[in-house]
Amino acid sequence: MLPKVVPNLESVVEDFGIPGIVAIVILPLAIPVVARFGKSLTKTTIKGGIILYEKSQRAIAAVGDNFADIVAEAKAELAVTDSTRLRRIR
């Protein structure tokens with residue numbers, strides 16, 4: 001006697017239901033399509049992340065430069081203020 005290769009459809013319908021059967025039939029066809037678009041979507045997401053990283057890095061450098069300029073101006077003003085105070089004291 002040969003082994004039973006095809007499952008009993010009644011038990012499959014009861015266990016998985018119609019959506020399960022449709023998934024079993026469509027899944028082998030859908031996997032290559034999803035893989036192709038998934039790879040493309042993943043690469044696009046990574047590219048966007050790289051661009052965002054580079055732009056944010058430039059923006060952070062600009063903010064750092066502006067902050068350094070403000071600190072230098074503040075120090076210069078303090079130096080002028082300190083020298084004026086010293087003259088008044090003498």
Side-chain angles (χ1 to χ4, degrees):
M1 185 156 212
L2 294 173
K4 196 173 189 181
V5 176
V6 178
N8 184 3
L9 288 178
E10 289 180 21
S11 67
V12 170
V13 170
E14 289 174 6
D15 293 343
F16 297 115
I18 300 298
I21 294 171
V22 171
I24 290 171
V25 171
I26 292 178
L27 195 60
L29 303 173
I31 288 175
V33 174
V34 171
R36 188 175 325 139
F37 289 114
K39 182 178 179 181
S40 173
L41 179 65
T42 303
K43 284 185 2 183
T44 303
T45 304
I46 291 171
K47 288 178 189 177
I50 290 170
I51 291 169
L52 181 66
Y53 171 75
E54 289 174 353
K55 286 185 178 183
S56 65
Q57 194 175 22
R58 283 187 230 132
I60 290 170
V63 168
D65 290 343
N66 289 338
F67 186 73
D69 291 343
I70 292 170
V71 169
E73 289 175 13
K75 285 182 179 180
E77 289 176 7
L78 281 176
V80 170
T81 305
D82 287 343
S83 66
T84 306
R85 284 186 193 153
L86 288 175
R87 286 184 198 154
R88 287 183 190 165
I89 294 174
R90 289 183 189 172

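Heads up: numbering here begins at 1 and tracks the sequence.
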Residues sharing Val63's hydrophobic cluster, by side-chain heavy-atom contacts under 4.5 Å among ILVMFWY, directly or via others?
-> none

Report, one line per pair, each donor and acceptor closer than 3.5 Å where one atom sits in a side chain of residues 41-60; sequence neighbours left out.
residue, atom, partner, partner atom, Å
Thr42, OG1, Gly38, O, 2.7
Thr44, OG1, Ser40, O, 2.9
Thr45, OG1, Leu41, O, 2.8
Ser56, OG, Leu52, O, 3.1
Ser56, OG, Tyr53, O, 2.9

Other cluster members, Phe67 - Ile/Leu/Val/Met/Phe/Trp/Tyr, side-chain contacts below 4.5 Å | Val71

Give the other cluster members for Leu29, using side-chain heavy-atom distances under 4.5 Å between Ile, Leu, Val, Met, Phe, Trp and Tyr residues; answer none if it is isolated.
-> none

